Structures are given as C-alpha cells and as structure tokens.
Amino acid sequence: MVADVCFHDTLIDSASEVFETMMFMALEKISPEEAEMAEDTLLSSITFTGALEGCLAICCASQDAKLIAANMLGMEPEDDISMEDICDAMGEVSNMVLGSIKKRIADAVGEISVSIPCTVSGKMLDTSLGEKSNMTEEFVNLDGSLVKFQLFYKDN
Amino acid sequence: MAKSIMLVDDSATMRKIIMRTIRAAGLSLGDIQEAGDGGEALEKIGQTPVDIVLCDVNMPGMGGTEFVEKLRSDSSYDSTKVIMVSTESADDFISSVLALGANGYIKKPFTPESIQQTLEPFMS
Ligand SMILES: [Mg+2]
C-alpha cells in the first residue's frame, strides 16, 4: 500500500544511491528553512504512470547543474560544457533517481512505468501536479550545491 | 582482436559515462559507434556490424526491448552480443529481455566493477 511507503526516506535513499554510485558525491539532507534556491535554476522532471502516477522534479542552480554534469562526464567544473550536455546530464540523473525509487516502492505499491526525462532552465521554476496530488520534498547539500527533490504522486 | 562496440542510449551523457567506465575498467575496445535509439542502432549495425551492443531500455523512438526483438529476428546478427543497461531493475523484466535474446544486463546506476564483470566474458 502507498501508505506503507515513507517517501521522504525513499527519495533521499534513491538520490544518495545515484549520486554516490555514479558521481562519488555525498549528499547531506538540509531543512527547508535553511534552503534558499537560486533565481536561475535548472529543472529536470520525469513522469510516471501505473500503480502510482506522478512526477519527480529535481531543481538546482544552473551553475550547480554544471558542476553535477562535470562530475558525471569526468570533466572539470571550469571546462566548457554546453547547455545541451548539462540538461542531458540532469535528465539522466532524474531518470536514475526515479529508477531507484521505482525499485524501492515496487513491493508496497506495484509497478510504475517511467517517461523520458525533460529538462528546462529558467527563473524561479516550479512544478505542480494538480490539487489532488501529494508532494514529498527534500533539500540536500551535494558537495556544496543545493538541490531540491520533489516527488508528486497520486494513488491510482 | 579488440571487440567493436555500439552504445545505444538517448542520453549522450550516459554514453560518455559508459565509455569512460569501460576504459577505467581496463577493458580494451575496437571501433566504437553510438546511437540515440534502437532504430538508429539497427540502421548503423546494418551498415557496419559490431561485436557487442550496450543498449538502454527507456528511449524515445525504438526502445531497447524492441531493438533486441528486431535484432534477434535476423539470424545474420546471431553472433552480436547485446547487453542491456537500464534503471529498470525488476527481476521479471530482466528475465523477459534475456528471454528475447539479450546476453547480459547491467543496472543503472552502475559501478565500474559491475560493468567489468558483465562485459569481460564477452571481450575475449
Ligand atoms: Mg534512456
């Protein structure tokens, strides 16, 4: 049952798995009060349907997204990395984090199928999924970068 | 002779990561091709066959499952090894693509060790 899942832990554990395994980056949870998002952000989102329906959104400052992309690509943050590559890298992060969430909730919730990720950049980006959806939000410090994870979901 | 390889993934970042990880694992490679989905992969393999395909599952256009099915329906590619690389980790799903003719499976996120362990038997 959906009620059996602690989405906060699931979100943090899944994000940790991806960042530690693929990027050797440690992640530290921070309280929402301490978290002040930058104005220029990059938002990567990926939707899912099935036993549970919703969307995972990952948002961070554009310069921090570049840092994450550099880490994934084995490059230096001051290297020239195109916006296309940064968006692609962030999309793949959301794809892997959702994959990890999917694995962790499969027994309690059931199977979900996952879309192709989409990443956009802009000012003060936000996501929502209608009134009847639930939302779990976590802020983390990722080697000095602030990253916001949001999981929107509706029970089907 | 070093094996030729094709990386099929809609994410260019992921293709680069896989490539870097293979090199870091000390596996030596021959020619390398890349494709963004199953359709492009089939087209390129039709022109230049490869020994090993590392293939994502979730891609726009032709996904990994359909790619394996199509490749295996043509006996001229019987010797081509296909290893899936995916965030999909359900045992039932993995069994189903292996039954379709994939030769191995790597779960994302992966470690250099998991890439090495899965790929090594096909490299010699
Ligand atoms: Mg993909």
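Quick caveat: nothing in here was measured; it's all calculated off a predicted structure. All chains are named by letter (A, B, ...) in the order of the sequence lines, taking the proteins before the strands, and each is independently numbered beginning at 1.
Distance check: A:Ile86 CD1 to B:Thr13 OG1 gives 9.5 Å after rounding to the nearest 0.5 Å. How far CD1 of B:Ile17 is from CD of A:Glu92: 7.0 Å, rounded to the nearest 0.5 Å. For the atom pair A:Asp85 CG and B:Lys16 NZ, the distance stands at 4.0 Å (nearest 0.5 Å).
Two residues are said to be in side-chain contact when any heavy atoms from C-beta on lie closer than 4.5 Å; A:Asn95 and B:Lys108 meet this criterion. Under the 4.5 Å side-chain criterion, counting only non-hydrogen atoms from C-beta, A:Leu98 is not in contact with B:Thr87.
A:Ile12 and A:Met23 fall within a single hydrophobic cluster, where Ile, Leu, Val, Met, Phe, Trp and Tyr are joined by side-chain heavy atoms under 4.5 Å apart, directly or via other members. Neither A:Ile101 nor A:Met135 shares a network with the other; the hydrophobic side chains, linked directly or stepwise wherever heavy atoms of I, L, V, M, F, W or Y lie under 4.5 Å apart, form separate groups for each. Linking ILVMFWY side-chain heavy atoms closer than 4.5 Å, directly or via other members, places B:Val53 and B:Ile115 in two distinct hydrophobic clusters. Note: the hydrophobic cluster containing B:Val68 does not contain B:Phe122 (ILVMFWY, side chain heavy atoms under 4.5 Å, direct or indirect links). Residues A:Ile58 and A:Tyr153 fall within the same hydrophobic cluster, defined by Ile, Leu, Val, Met, Phe, Trp and Tyr side chains chained together at heavy-atom separations under 4.5 Å.
Proximity to chain A is absent for every atom of B:Phe93, based on heavy atoms less than 4.5 angstrom apart. There is no contact between A:Asp107 and chain B, counting heavy-atom distances below 4.5 Å. Heavy atoms of A:Val114 lying under 4.5 Å from chain B belong to its backbone as well as its side chain. Contact of B:Ser11 with chain A is made through backbone and side chain together, with heavy-atom distances under 4.5 Å. Contact of A:Glu111 with chain B is made through the side chain alone, with heavy-atom distances under 4.5 Å. For B:Met19, no part lies near chain A; criterion is any non-hydrogen pair under 4.5 Å. A:Lys103 touches chain B through backbone and side chain together, each having a heavy atom under 4.5 Å away. Using a 4.5 Å cut-off between heavy atoms, A:Ala89 contacts chain B through both its backbone and its side chain.
Of the listed residues B:Glu88, B:Lys107, B:Met14, B:Arg20, the one with more heavy-atom pairs under 4.5 angstrom with chain A than any other is B:Arg20.
The neighbour count for A:Glu36 CD, taken as heavy atoms of other residues, nucleotides or ligands under 6.0 Å away, does not exceed 12. For A:Asp40, the CG atom sits in a packed shell: over 12 heavy atoms of surrounding residues, nucleotides or ligands are nearer than 6.0 Å. Open room surrounds CD on A:Glu84; 12 or fewer heavy atoms of other groups in view lie less than 6.0 Å from it.
At distances below 3.5 Å, at least one donor-acceptor pair connects side-chain atoms of B:Asn58 with backbone N or O atoms of A:Ser115.
Across B:Pro109 and A:Met22, no two heavy atoms sit closer than the pair CB-CG, 3.3 Å.
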